[in-house]
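Remember, predicted model here, so these are calculated numbers, not experimental data.
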Amino acid sequence: MPFFIIFGIIIKAESKGPVFFKQKRVGKNKKFFYIYKFRSMRTDTPKDMPTHMLKNAGNYITKFGGFMRKTSIDELPQIINILKGEMSIIGPRPALWNQEDLIAERDKYHANDVLPGLTGWAQINGRDELPIPVKAKLDGEYVKKMSLWFDIKIFFKTIINVFKHEGIVEGVQDTKKGE
């Protein structure tokens, strides 16, 4: 809780707007819920769009927001979602309510049938860099392999990936670099 207060003060001091950001997501059995995060972007950022799909995403991310996103601190308020029973610590990351392609692809693998997680198998195997079919397949692999030991493996690999800052994509990537 002290971290929530400290981060809240920094967020408010840096930019106008709320401390927390909430967004409609898809939960277990495709039931909608609102995910909570520390706000890391300006309030004029386009709504309901994955950050990796934004052009010039860096223009919307606040200075402290960049730090929070790089260290995944912005995800801490999801502890509230976990306590409410809307999420678990490990599971497929909850899709945005309007990501029909991801939701449909996950249906093939029964990945929408389990609680979404704070981190998951797809996150430690590529995160934002993964194309939707690959992400959904990895989420399906998680569903098939679900166990305490698999969750422990994912948990510790997540910590390693956070320190390495792997798989984070902020904004639309230019695929023609170097041409």
Side-chain angles (χ1 to χ4, degrees), residues 11 15-62 65-66 68-70 72-143 146 154 158 161 166-175:
I11 291 165
S15 66
K16 65 177 182 166
V19 170
F20 296 104
F21 168 77
K22 76 176 191 175
Q23 189 175 55
K24 190 175 178 181
R25 297 290 181 109
V26 178
K28 183 178 179 181
N29 299 320
K30 296 192 274 190
K31 182 179 176 186
F32 294 130
F33 73 101
Y34 285 92
I35 195 170
Y36 300 103
K37 295 184 176 195
F38 284 119
R39 184 175 56 81
S40 61
M41 303 181 93
R42 296 187 343 227
T43 56
D44 63 340
T45 303
K47 304 289 183 231
D48 295 326
M49 180 181 282
T51 308
H52 67 277
M53 299 294 292
L54 287 172
K55 287 189 178 190
N56 301 317
N59 292 340
Y60 295 105
I61 300 170
T62 66
M68 288 191 302
R69 294 169 76 87
K70 197 174 275 191
S72 295
I73 288 171
D74 63 319
E75 309 283 352
L76 282 178
Q78 289 167 45
I79 292 168
I80 297 165
N81 295 111
I82 293 168
L83 293 172
K84 289 172 69 177
E86 298 166 329
M87 290 178 64
S88 64
I89 296 170
I90 311 295
R93 284 294 295 157
L96 278 164
W97 65 274
N98 61 357
Q99 286 182 293
E100 288 97 0
D101 49 353
L102 177 58
I103 297 163
E105 196 68 25
R106 283 180 170 173
D107 273 339
K108 296 177 186 178
Y109 303 102
H110 303 283
N112 292 316
D113 300 344
V114 299
L115 280 176
L118 185 59
T119 186
W121 188 233
Q123 276 57 50
I124 63 168
N125 285 291
R127 203 170 173 173
D128 297 331
E129 296 174 336
L130 299 172
I132 284 174
V134 174
K135 186 182 289 191
K137 187 174 182 185
L138 287 166
D139 290 335
E141 282 180 31
Y142 171 76
V143 172
M146 277 176 61
I154 293 168
T158 297
N161 282 6
E166 290 185 344
I168 300 170
V169 176
E170 300 288 18
V172 176
Q173 299 301 297
D174 183 3
T175 57

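With sequence neighbours left out, the side chain to side chain contact (heavy atoms under 4.5 Å, CB included) criterion links Pro94 to Arg25, Phe33, Ile35, Met87, Pro116. Annotation: side chain to side chain contact (heavy atoms under 4.5 Å, CB included) contacts of Leu76 (sequence neighbours excluded): Phe4, Phe7, Phe38, Ile73, Ile79. Scored by the side chain to side chain contact (heavy atoms under 4.5 Å, CB included) test, Leu115 finds Lys28, Ser88 as partners (sequence neighbours excluded).
Residue Leu96 holds its CG atom at 9.0 Å from CG of Leu102, rounded to the nearest 0.5 Å. Remark: Asn112 CG to Glu105 CD distance equals 10.5 Å, nearest 0.5 Å. In this structure, Tyr34 OH and Lys84 NZ are separated by 11.0 Å, a value rounded to the nearest 0.5 Å. For the atom pair Thr45 OG1 and Arg42 CZ, the distance stands at 6.0 Å (nearest 0.5 Å). To the nearest 0.5 Å, atoms CD1 (Ile82) and CD1 (Ile89) are separated by 5.0 Å. For the atom pair Thr158 OG1 and Trp121 CH2, the distance stands at 10.0 Å (nearest 0.5 Å).
Around NZ of Lys137, the count of heavy atoms belonging to other residues, nucleotides or ligands within 6.0 Å does not exceed 12.
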Test side-chain contact (heavy atoms from CB on, under 4.5 Å) applied to Glu75 and Arg93, step by step: CA-CA 11 Å; Glu75 309 283 352; Arg93 284 294 295 157; 3.1 Å; yes
Criterion side-chain hydrogen bond (donor to acceptor under 3.5 Å, both in side chains) on Arg39 and Ser15, from CA distance to verdict: CA-CA 10 Å; Arg39 184 175 56 81; Ser15 66; 3.0 Å; yes
Audit row: Met41, Arg69, side-chain contact (heavy atoms from CB on, under 4.5 Å) steps and yes/no: CA-CA 10 Å; Met41 303 181 93; Arg69 294 169 76 87; 3.9 Å; yes
Full working for side-chain contact (heavy atoms from CB on, under 4.5 Å) between Val26 and Phe32: CA-CA 5 Å; Val26 178; Phe32 294 130; 3.8 Å; yes
Test side-chain contact (heavy atoms from CB on, under 4.5 Å) applied to Asp74 and Phe21, step by step: CA-CA 9 Å; Asp74 63 319; Phe21 168 77; over 6 Å; no
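Between the side chain of Thr43 and the main chain of Gly17, no donor-acceptor pair closer than 3.5 Å is present.
Between Phe20 and Pro77, the closest heavy-atom pair is CE2-CG, 3.7 Å. Considering all non-hydrogen atoms of both residues, Tyr142 and Pro92 come closest at CD2-CD, 4.0 Å. Pro18 and Ile11 get closest at one heavy-atom pair: O-CG2, 4.1 Å. Closest of all the heavy-atom pairs between Val114 and Val143 is CG2-CG2, 4.0 Å.
Remark: Lys22 fails to qualify as a cation-pi partner of Tyr36 under the 6.0 Å distance and 45° angle criteria applied to the six-membered ring.
By the 4.0 Å N-to-carboxylate-O rule, Asp107 lies close enough to Lys30 to be salt-bridged with it.
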